J.: 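Mind looking over this structure? Questions follow.
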Number of protein chains: 2
Amino acid sequence: MTKLQITVDIVLFTILERQLHVLLIRRLAEPFRGSYALPGGFVLENESVDEAAHRELQEETRVEKVFLEQLYTYGEPNRDPRGRVITVAYYALVANSHILRSSTDAADAAWFSLDKLPPVAFDHQSIIEYAQQRLRNKLDYSNVGFELLPEKFTLTELQLVHEAILGANLDKRNFRRKILQQGIVEPSKEWQKTGRKPAQLYRFVD
Amino acid sequence: MTKLQITVDIVLFTILERQLHVLLIRRLAEPFRGSYALPGGFVLENESVDEAAHRELQEETRVEKVFLEQLYTYGEPNRDPRGRVITVAYYALVANSHILRSSTDAADAAWFSLDKLPPVAFDHQSIIEYAQQRLRNKLDYSNVGFELLPEKFTLTELQLVHEAILGANLDKRNFRRKILQQGIVEPSKEWQKTGRKPAQLYRFVD
DNA sequence: TGACAAAGTGTCAAATGAACACTATATTAG
DNA sequence: CTAATATAGTGTTCATTTGACACTTTGTCA
């Protein structure tokens, strides 16, 4: 009888080059050695599952305040060839300005665009797909888009985030009207001076 | 070091007397002996977590085709005084016409209205609350209401289900218009003859 | 046969959502 | 220096959806 183990796996999203990307780590050990997998690890004896997810996430990112939400628990008996491993999947969002830890800068971790994923280990492919679907749904009824941006951002940047998540183009005027009349952003006094015409920087409120 | 164990717990909903009810089981053993808890049990060695949930559910109900969906995984280290027990919570919906197994008819299991819950064991109170919230949300964007009704039902019965879940009264004409123009029900040729004026029976399609 | 209980039905106003194109302004290249 | 360019920013109209609102029909039961 093999020992039952619980892991957490994290689908960490960011926006790069206007596209939604996921962090994957190259596996150094069997099984699936050499292929990519979601970052994650075992839940320790005296920590909650949520704490384990936070801990694993902070081994990858430097920032404290990362959006992290439980996604789904995958419990097929043969999903891991090593034995009975049930995993609680989470998804997380970081602004691309947030720098990853040096361990992550190494060759063993990399960001992948969602339409150019390499083969991934275990059932991680379907975990990633489900995380993407959840994120899309969540965008409709919440302000989750801000989690992928720095503190100050232009409305165009916010629109690009929404477009990257939804995989569709949005009308600029309709988008700005909707966001502004929701009252969830306020203009800062700063302007972004890169590019051609300067754009006003906004900040998330509430 | 205590052994890690995984359980499933099921929030089984039905409608009784126009109110949403939950099935609870009186605990015969310590801890929380004598108080009520959600039906559930351990995930066995060679079954998936989903299979465990189905199995536990069918120990309570006679029907095969019960709506069952994973809810959330609760993994606080001290949520069970006996040791490290992580539970994957599910919620399920049955029509009240579906009869429970005889084991459930016994005094150890009973339906409770959600606003008259007895004290419940472990963290089951918050699991129940979260299940109710999820069900409410789901009603907005899906046809989950039919799962609480028999195959044929009147539009008034469907409206009562929605009202029970939402905890609010709905306008009869607006409700009927919305349901009918969604095209998710079709009239059968039967009429319900109980009560005063007969009502047309509908059936869920698709 | 009259009272009752539940079924069934339509309109209008307000809010929301979708389509659509031009002007303003700083930068950069010639 | 000035013309070309790239991006910021801005309103209106129409269609659809949503929400409020009350009376008639019909079978049952007293």
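Order of the sequence lines fixes the chain letters, A, B, ..., with proteins taken first and strands second; residue numbering starts at 1 for each chain. Remember, it's a predicted structure, so these values are computed and weren't measured experimentally. Below, each value reflects all heavy atoms present in this structure, side chains not excepted, and no hydrogens, waters or symmetry copies.
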J.: For DNA chain C, whose closest nucleotide is more 5', that of B/Arg173 or that of A/Arg173?
T.: B/Arg173
J.: Under a 3.5 Å cutoff, is there a donor and acceptor pairing between the side chains of A/Glu157 and A/Gln192?
T.: yes
J.: Return the residues of residues 176-190 of chain A meeting this criterion: a heavy atom under 4.0 Å from some atom of DNA chain D. Order them by number, or give none.
T.: A/Arg176, A/Arg177
J.: Are B/Glu47 and B/Arg55 within salt-bridge range, i.e. N to O under 4.0 Å?
T.: yes
J.: Centroid separation under 6.0 Å, is that true for the rings of A/Tyr74 and A/Phe122?
T.: no
J.: Of all residues at least two apart in sequence or in a different chain, which pass the side chain to side chain contact (heavy atoms under 4.5 Å, CB included) check with A/Ser142?
T.: A/Lys138, A/Val144
J.: Can you find a side-chain donor-acceptor pair between B/Arg177 and B/Asn174 that sits under 3.5 Å?
T.: yes
J.: Quick one: does B/Gln70's side chain have a donor or acceptor within less than 3.5 Å of a partner on B/Asp50's backbone?
T.: no
J.: Near DNA chain D, counting only heavy atoms under 4.0 Å, which residues of residues 156-166 of chain A show up?
T.: A/Thr156
J.: Would you work out how much the helix from C/dT1-D/dA30 to C/dG30-D/dC1 bends between its ends, with each end axis defined by five base pairs, to 10 degrees?
T.: 10°
J.: In chain order, what residues pass the salt bridge (Lys or Arg N to Asp or Glu O under 4.0 Å) check against A/Asp123, with sequence neighbours excluded?
T.: A/Arg79
J.: Report the distance from atom CG of B/Leu135 to atom CG of B/Leu148, rounding to the nearest 0.5 Å.
T.: 7.0 Å
J.: Quick one: do the A/Gln159 and A/Glu163 side chains pair a donor with an acceptor below 3.5 Å?
T.: yes
J.: Mind running a 4.0 Å heavy-atom check of residues 196-206 of chain A against DNA chain C and sending the residues that fall below it, in number order?
T.: A/Arg196, A/Lys197, A/Pro198
J.: List in chain and number order the residues that pass side chain to side chain contact (heavy atoms under 4.5 Å, CB included) with A/Asn78, two or more places apart in sequence or in another chain; answer none if no residue qualifies.
T.: none
J.: Could you pull out all residues at least two apart from B/Lys197 that satisfy salt bridge (Lys or Arg N to Asp or Glu O under 4.0 Å)?
T.: none
J.: Which is true for B/Lys193 with a 4.0 Å heavy-atom rule: it touches a base, it touches only sugar-phosphate, or it touches nothing?
T.: nothing
J.: For chain B and DNA chain D, what are the first and last nucleotides along the strand, 5' to 3', with at least one atom under 4.0 angstrom from a heavy atom of the protein chain?
T.: D/dT18 to D/dC29
J.: Identify, with sequence neighbours excluded, every residue that meets salt bridge (Lys or Arg N to Asp or Glu O under 4.0 Å) alongside B/Arg173.
T.: none
J.: A/Tyr91 and A/Tyr130: ring pair (Phe, Tyr, Trp, His ring centres under 6.0 Å), yes or no, with the steps?
T.: CA-CA 10 Å; A/Tyr91 71 108; A/Tyr130 185 51; 9.0 Å; no
J.: Using 0.5 Å steps for rounding, measure from the CZ atom of B/Arg176 to the CG atom of B/Leu155.
T.: 4.5 Å
J.: Do A/Glu151 and A/Arg203 meet the salt-bridge criterion of a basic N to acidic O distance under 4.0 Å?
T.: yes
J.: Write out all pairs satisfying ring-ring contact (aromatic ring centres under 6.0 Å, His included) with one or both partners inside residues 175-206 of chain A, taking only residues at least two apart or from two chains.
T.: A/Phe146-A/Phe204, A/His162-A/Phe175
J.: Distance check, rounded to the nearest 0.5 Å: B/Leu12 atom CG versus B/Ile25 atom CD1?
T.: 9.5 Å
J.: How would you give the extent of chain B contacts on DNA chain C, as first and last nucleotide 5' to 3' within a 4.0 Å heavy-atom cut-off?
T.: C/dC4 to C/dT11
